[in-house]
Structure formats: C-alpha cells, structure tokens
Amino acid sequence: MSEARDPRQAWRRVTTWLEQHTPDVFDPRPKNGPVRVWACANGFLVSDRGRIPASIREAYEASL
C-alpha cells in the first residue's frame with residue numbers, strides 16, 4: 001500500500017497536529033475556577049462543580 005494512501009498515515013498527521021495545538025485555541029472562554037471565585041465574591045450562588053450559568057459567565061466577562 002502506498003504511504004500517501006495509507007489511512008494510518010493521514011490519521012497520524014491529524015493527531016500530531018492536534019497534539020501541537022492547545023484546547024485554548026478552540027475554547028476562548030475563561031476557565032471555570034476564576035469565574036467561580038469571582039461569582040462567590042460578588043454574591044452569586046454557584047456550585048463547586050458543574051456548568052456555570054450563562055448569566056453568571058456574562059456578568060464575569062462584563063466585569064473584566
């Protein structure tokens with residue numbers, strides 16, 4: 001089988017590219033930790049785990 005047509009070679013190129021790029025490139029939102037700390041300090045009720053409501057995330061981004 002030709003190396004150019006070998007699907008394993010193509011997959012190897014894709015995974016190499018993915019390894020070189022951080023998730024921040026794909027997800028520009030701030031991480032949850034700072035948002036939770038800010039929310040607690042500003043009187044919002046947020047859980048220690050799980051999804052942060054969009055309204056809280058928007059308020060955090062507006063405060064920056």
Side-chain angles (χ1 to χ4, degrees):
M1 185 178 272
S2 166
E3 191 173 314
R5 296 183 151 220
D6 187 359
R8 292 172 293 186
Q9 292 294 327
W11 181 249
R12 199 168 293 136
R13 283 191 302 272
V14 169
T15 55
T16 301
W17 184 89
L18 289 172
E19 289 169 356
Q20 294 172 353
H21 294 82
T22 62
D24 293 339
V25 171
F26 302 110
D27 188 8
R29 295 180 302 174
K31 300 299 178 199
N32 290 339
V35 176
R36 288 184 202 285
V37 170
W38 177 88
C40 289
N42 288 284
F44 291 95
L45 294 175
V46 301
S47 65
D48 293 337
R49 296 175 27 186
R51 189 166 186 254
I52 297 174
S55 60
I56 294 175
R57 190 173 292 279
E58 289 169 2
Y60 172 77
E61 291 174 358
S63 72
L64 296 179

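We use all heavy atoms of the structure for the numbers below, so side chains are in, but hydrogens, waters and symmetry mates are not. Treat the numbers as computed from the prediction; the structure is a model and nothing was measured.
Side-chain contact between P34 and Y60 is present, with heavy atoms from C-beta onward closer than 4.5 Å. At least one side-chain heavy atom of I52 sits under 4.5 Å from a side-chain heavy atom of R36.
Minimum interatomic distance between I56 and L45 (heavy atoms only, all atoms of both residues): CD1-O, 4.0 Å. Closest heavy-atom contact between F44 and A59: CZ-CB, 4.0 Å.
Under a hydrophobic-cluster definition in which Ile, Leu, Val, Met, Phe, Trp and Tyr are linked whenever side-chain heavy atoms come within less than 4.5 Å, directly or via other members, V37 and L64 are assigned to different clusters.
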